[in-house]
J.: 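Just passing along the structure, written as structure tokens.
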Amino acid sequence: EGHLVESGGGLVKAGGSLRLSCAAAEFSFDSYGMGWFRQAPGKEPEGVACISTYDGRTYYADSVKGRFTISADKNKRTVYLEMNNMKPEDTAVYYCGAVVLLIRLWGLPTPHEYDYWGQGTPVTVSS
């Protein structure tokens, strides 16, 4: 059914770190953009990071560059988001998404471009 299951969210202090995981066992990991988008309370969803399972290219939102790292383990069918030096502005529900790639991933997908997404995992950064 193409389920994506996020985990790893929680409460963290500003400057701290969290690692989010996305279990994607029902995806082939051959030609997908596997990424993360988030939605803060009262705000529109925004793309965070994405990795191509086809060639390993990664893309990040400017707001998280240098702080977040996305990676994928094809054998485990799992995508990770390492979040370091977290800021209160990072507070949001984080969703794992998958977008089908016809050729290759050219940039960071907007949230509406994902073909599949999970239920989300909440992240709260305290100041």
Side-chain angles (χ1 to χ4, degrees):
E1 296 180 337
H3 291 142
L4 296 165
V5 182
E6 305 94 335
S7 63
L11 177 65
V12 65
K13 293 181 179 180
S17 300
L18 280 177
R19 185 177 75 166
L20 305 183
S21 298
C22 173
E26 298 177 22
F27 291 82
S28 69
F29 263 58
D30 290 332
S31 57
Y32 285 93
M34 300 298 302
W36 297 87
F37 63 93
R38 65 189 182 185
Q39 186 168 26
K43 298 185 67 177
E44 295 294 318
E46 60 176 342
V48 175
C50 193
I51 184 168
S52 170
T53 64
Y54 181 74
D55 61 10
R57 279 180 167 267
T58 58
Y59 299 90
Y60 298 91
D62 289 341
S63 60
V64 306
K65 285 181 179 178
R67 300 189 297 120
F68 291 9
T69 302
I70 189 169
S71 61
D73 187 323
K74 288 189 174 183
N75 291 329
K76 295 182 178 179
R77 297 283 199 271
T78 303
V79 181
Y80 304 96
L81 184 67
E82 299 277 357
M83 304 185 292
N84 300 310
N85 189 26
M86 299 193 71
K87 303 176 180 180
E89 306 92 86
D90 296 321
T91 295
V93 176
Y94 284 70
Y95 298 88
C96 178
V99 57
V100 177
L101 301 179
L102 298 180
I103 301 176
R104 77 177 192 185
L105 184 65
W106 292 97
L108 180 66
T110 59
H112 80 271
E113 291 180 306
Y114 285 102
D115 298 297
Y116 307 94
W117 57 88
Q119 296 300 115
T121 185
V123 172
T124 301
V125 184
S126 64
S127 58

J.: Could you tell me whether the side chain of Q119 and the main chain of V5 form a donor-acceptor pair under 3.5 Å?
T.: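 Between the backbone of V5 and the side chain of Q119 there is no qualifying donor-acceptor contact (under 3.5 Å).
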
J.: Exactly one of V123, V12, I70 should register a side chain to side chain contact (heavy atoms under 4.5 Å, CB included) with M83. Which one does?
T.: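 That would be V123; it is the only one of V123, V12, I70 passing the side chain to side chain contact (heavy atoms under 4.5 Å, CB included) with M83.
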
J.: So do L81 and R38 actually touch side chain to side chain, heavy atoms under 4.5 Å?
T.: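 Answer no - side chains too far apart.
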
J.: Within the 4.5 Å heavy-atom criterion, are F68 and N84 side-chain neighbours or not?
T.: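 Not touching, per the 4.5 Å side-chain cut-off.
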
J.: For the CD atom of E89 and the NZ atom of K43, what is their distance to the nearest 0.5 Å?
T.: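 Result: 8.5 Å between the selected atoms.
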
J.: Under the ring pair (Phe, Tyr, Trp, His ring centres under 6.0 Å) rule, what pairs show up with a residue in residues 86-109, not counting sequence neighbours?
T.: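 Found F37-Y95.
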
J.: List in chain and number order the residues that pass disulfide (SG to SG under 2.5 Å) with C50, two or more places apart in sequence or in another chain; answer none if no residue qualifies.
T.: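 Once residues adjacent in sequence are excluded, C50 has no partner under the disulfide (SG to SG under 2.5 Å) criterion.
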
J.: Any donor and acceptor pair, going by atom type alone, linking the side chain of R57 with main-chain N or O of S52 inside 3.5 Å?
T.: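 It does not hold such a pair.
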
J.: Between D62 and K65, does a salt bridge (charged side-chain N to carboxylate O under 4.0 Å, His left out) hold up when you go through it step by step?
T.: CA-CA 5 Å; D62 289 341; K65 285 181 179 178; 3.1 Å; yes

J.: Hydrophobic clustering (ILVMFWY, side-chain heavy atoms < 4.5 Å, transitive) - are Y80 and Y116 grouped together?
T.: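 Looking at the clustering, Y80 is in a separate group from Y116.
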
J.: How long is the span from the SG atom in C96 to the OH atom in Y114, to the nearest 0.5 Å?
T.: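 Between atom SG of C96 and atom OH of Y114 there are 8.0 Å.
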
J.: Rounded to the nearest 0.5 Å, how far does CG of L101 lie from CE of M34?
T.: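 Spacing of CE (M34) from CG (L101) equals 10.0 Å.
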
J.: With a 4.5 Å heavy-atom cut-off, do Y32 and L105 have their side chains touching?
T.: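 Contact flag for Y32/L105 side chains = no.
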
J.: Within the distance-only criterion (no hydrogens, no angle test), does the side chain of E6 pair as donor or acceptor with the backbone N or O of G120 below 3.5 angstrom?
T.: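 Between the backbone of G120 and the side chain of E6 there is a qualifying donor-acceptor contact (under 3.5 Å).
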
